[in-house]
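Every chain is numbered from 1 and lettered A, B, ... according to where its sequence line falls, protein lines coming before strand lines. If you're wondering where the values come from, they're calculated on a predicted model, not measured in any experiment.
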Amino acid sequence: MSSFDEMDAFEGASLSARAMAARSQSMGAPYLDDLNPAQREAVERMDGPVLMLAGAGTGKTKALTARIVHLLMTGRARPNEILAVTFTNKAAREMKERVGRLLGQSIEGMPWLGTFHSICVKLLRRHAELAGLKSNFTILDTDDQIRLLKQLVQAAGIDDKRWPARQLAGVIDGWKNRALTPDKVPSADAGAYNRRGVELYAQYQTRLRELNAVDFGDLLLHVVVIFQTHPDVLEQYQRWFRYILVDEYQDTNVAQYLWLRLLAGGHRNICCVGDDDQSIYGWRGAEVGNILRFEKDFPGAHVVRLEQNYRSTPHILAAASNVIRGNAGRLGKELWTEADEGEKVRLIGHWDGEEEARWIGEEIEAMQRGTRGTRPFGLNEVAILVRASHQMRAFEDRFLTIGLPYRVIGGPRFYERMEIRDAMAYFRLVVSPEDDLAFERIVNTPKRGLGDKAQQVIQTTARANGVSLLEGARIAVEDGLIKGKGGAALRTLVEDLRRWGRMTGDADLSHMELAEIVLDESGYTGHWQNDKTPEAPGRLENLKELVKALENFENLQGFLEHVSLVMDNDKQDAEQKVSIMTLHAAKGLEFPAVFLPGWEDGLFPSQRSMDESGLKGLEEERRLAYVGITRAEELCTISFAGNRRVFGQWQSALPSRFVDELPEEHVEVLTPPGLYGGGYGAAAAQGGAARGNIESRVADVNVYNSPGWKRMQARAGQRGMSQPKESRTTVIDLAAVSSFTMGERVFHQKFGYGAIIGIEGDKLEVDFEKAGPKKVVAQFVTSNDDIPF
DNA sequence: AGTTGCCGTTTTTTT
DNA sequence: AACGGCAACT
């Protein structure tokens with residue numbers, strides 16, 4: 001069967017090119033009318049290479065979607081002849097929606113609008129045999145990947161403490177990102193230390209083929225290799241994809257770059273959209289060089305700059321561009337706006353991370369009421385963007401205490417939860433009995449009395465017969481190799497799996513019902529029902545949600561495919577909440593009011609980034625600062641803390657060097673709320689301002705010049721670390737003063753209500769009504785009748 | 001075979 | 001501080 005039969009099938013489903021062209025002429029082109037000249041140029045310059053340099057908030061998605069519509073309307077391409085690639089599913093979804101909206105009808109046939117990975121899955125399923133795979137290959141997640149590598153490391157007799165599988169996975173991913181197969185890894189990389197790594201990489205690839213599986217990196221790597229080694233296949237696609245569009249081009253890695261260059265090699269109708277100033281994924285293989293080099297790669301490329309910003313106020317833009325100015329080798333853009341001046345960027349220093357969280361919490365409450373000299377803000381309009389996810393905790397703790405609703409974006413994803421992966425392993429095994437990794441995961445979950453020894457017997461039997469683990473288990477059971485309770489349980493499991501497998505063909509049974517049967521009869525649901533830990537109910541809830549999610553799919557296979565590629569977790573909820581997320585997660589988003597806490601050297605810019613990548617690392621951190629500031633539409637508040645707990649240890653830090661790069665005339669330095677001696681700040685601020693250095697101004701109005709601070713620094717120097725808590729507590733931290741009494745009824749966010757049955761320093765023993773007796777830190781507990789602050 | 005407790009690591013993250 | 005992994009114990 002020709003690979004194109006299926007593609008051609010899309011034609012019928014979509015609007016014909018001629019019909020569209022006719023429509024375009026008869027109706028004019030409203031989608032062009034509200035574009036600015038630069039956007040319009042990016043849309044109308046359809047042939048040949050185009051680089052759209054789109055600064056933050058300049059309407060890049062608008063231009064991109066208009067371009068797709070324009071290609072369709074002018075009859076240049078049919079919907080299935082446009083290849084449009086994004087990095088995230090969210091971006092792909094948004095683009096589909098917007099194209100549909102512009103066309104005034106939903107487009108069924110844009111099969112090639114998607115993420116790099118989802119498009120590569122489609123391509124690879126068609127040409128799997130060229131990569132030594134069957135087209136029903138499974139896609140391993142990181143967890144499977146690491147378990148597999150661990151087995152290989154152990155089999156090679158290497159101490160897996162010196163060569164952690166996680167680290168090896170990182171190295172291999174790095175190679176895959178650079179499109180390097182094991183034989184292509186340069187000897188410089190494969191030096192003394194990594195020689196073993198390359199061998200393991202080769203073994204890993206072999207093992208994946210045996211398992212008929214790929215990891216994420218392989219999706220691209222295999223397709224690139226197929227294109228490189230099968231010119232005929234490449235040519236088909238070069239001809240088929242008449243126009244190529246790429247979003248977030250600055251984030252492409254070498255493999256993606258090669259993939260694009262190969263596909264665009266014929267007609268060169270490629271339009272890449274990106275912003276070199278927003279390249280923040282270098283640490284995972286993205287090459288800013290790709291965008292910097294575009295004009296060399298595609299001679300005659302047309303470069304369009306989108307510089308009019310529709311998002312932020314002039315103060316915010318000025319602050320952002322002054323910061324990013326510190327980077328060398330930029331393509332150069334200057335954002336401008338017609339918006340009114342608005343508020344200056346606000347800057348404030350705090351004693352420690354908890355105080356920072358407390359202040360921001362109060363600030364948000366005030367902003368909600370509109371008592372900050374600004375309009376009232378809804379909680380949905382406010383975001384807190386942090387450098388590293390551990391910073392989120394201080395905010396969560398504080399917001400729980402004061403009852404400020406928040407949502408954490410990113411974080412542990414639904415499909416990464418243990419119970420979900422276990423359930424999915426069952427489904428995988430039902431659908432494909434040869435899935436050894438899935439088998440390993442669930443043989444003894446729930447406990448079936450199958451320990452190391454029994455599992456080893458299964459392994460050996462399977463290997464001896466050259467069959468899958470499940471089949472090996474069947475043979476081992478038949479031959480009576482596994483005795484006792486375990487043997488009986490294994491027999492049941494093997495038979496059940498086979499039975500469920502047959503049920504997939506049952507027309508009277510929906511796949512949702514089947515899923516429920518599998519989870520119930522395998523004993524997995526019961527396993528959590530019997531579990532007394534406080535998380536168990538949540539896990540059962542998640543399992544229910546998982547089954548519900550099946551609703552949207554035809555069958556289990558379709559669902560599994562979806563899950564392996566779409567790990568999204570942004571459930572919509574209607575309630576007004578403050579968003580908390582990392583700067584990385586914030587890319588592409590915007591909020592009227594943004595808080596940027598934790599601007600301390602070492603945290604932001606991150607020490608690790610600077611140690612590992614030097615100046616390059618620092619510049620990426622600076623771009624992160626740029627991304628952060630440009631998320632704000634109206635109000636941007638930057639803050640830093642003098643002390644912070646890191647890995648349970650107090651550490652003091654200096655304000656970030658990026659604070660120095662903020663332009664003074666666009667920044668308002670806030671006086672902290674009268675904690676360190678009232679009028680002191682205001683008077684000192686003037687002295688500091690004369691020195692013209694933001695940091696010293698902050699230092700003056702702040703704790704940094706206070707006698708208390710200096711004492712603390714001296715003491716910190718003596719002891720090697722500071723102990724801010726003890727000296728601070730009496731001044732402000734009323735919440736931390738333990739005032740609990742035995743028998744008192746208290747509330748804990750996670751465990752609910754309970755009575756105090758023991759007090760030891762700042763730890764309480766509480767007999768919770770639902771969760772039973774637990775030891776908890778006093779700070780996490782609120783007295784029933786006393787609302788702090 | 002399963003449980004407990006100690007030790008070491010962790011904190012850019014998306015597909 | 002908190003979690004996961006591993007070893008020693010029951």
Report the distance from atom [atom1] of [X] to atom [atom2] of [N], rounded to the nearest whole Å.
X	N	atom1	atom2	result
A/D251	B/dT13	CG	C1'	11 Å
A/D218	B/dT14	CG	P	21 Å
A/Q651	B/dT10	CD	P	16 Å
A/N89	B/dT14	CG	P	12 Å

### Query
Between A/W175 and A/Y201, what is the ring plane arrangement, given parallel below 30°, perpendicular above 60°, and tilted in between?
parallel
### Message
Tell me whether the rings of A/F553 and A/H562 are parallel (<30°), tilted (30 to 60°) or perpendicular (>60°).
### Response
tilted
## Note on the structure
Per atom distances to the A/F647 side chain, the nearest of C/dA1, B/dA1, B/dT12 is C/dA1
### Query
OP1, OP2 of B/dT12 versus side-chain N and O of A/R284: anything below 4.0 Å?
no
### Query
Does A/N444 have a side-chain nitrogen or oxygen under 4.0 Å from the phosphate oxygens OP1 or OP2 of B/dG2?
yes
At 4.0 Å (heavy atoms only), tell me whether [X] reaches a base, stays on the sugar-phosphate, or touches nothing.
X	value
A/K176	nothing
A/S606	nothing
A/F116	nothing

#### Entry: Contact summary for A/A394 and A/G353, nearest pair of heavy atoms
CB-O, 4.2 Å
### Query
Given that A/L450 and A/V646 both sit by DNA chain B, which one's nearest nucleotide is further toward the 5' end?
A/L450
#### Entry: Which residue lies more 5' along DNA chain B, comparing A/D452 with A/H584 via nearest heavy atoms
A/D452
### Query
Counting only N and O atoms by type, is there a donor-acceptor contact under 3.5 Å from the side chain of A/D215 to the main-chain atoms of A/Q145?
no
### Query
Has A/Y281 got its ring stacked on the base of B/dT13, with centres under 5.5 Å and planes less than 30° apart?
no
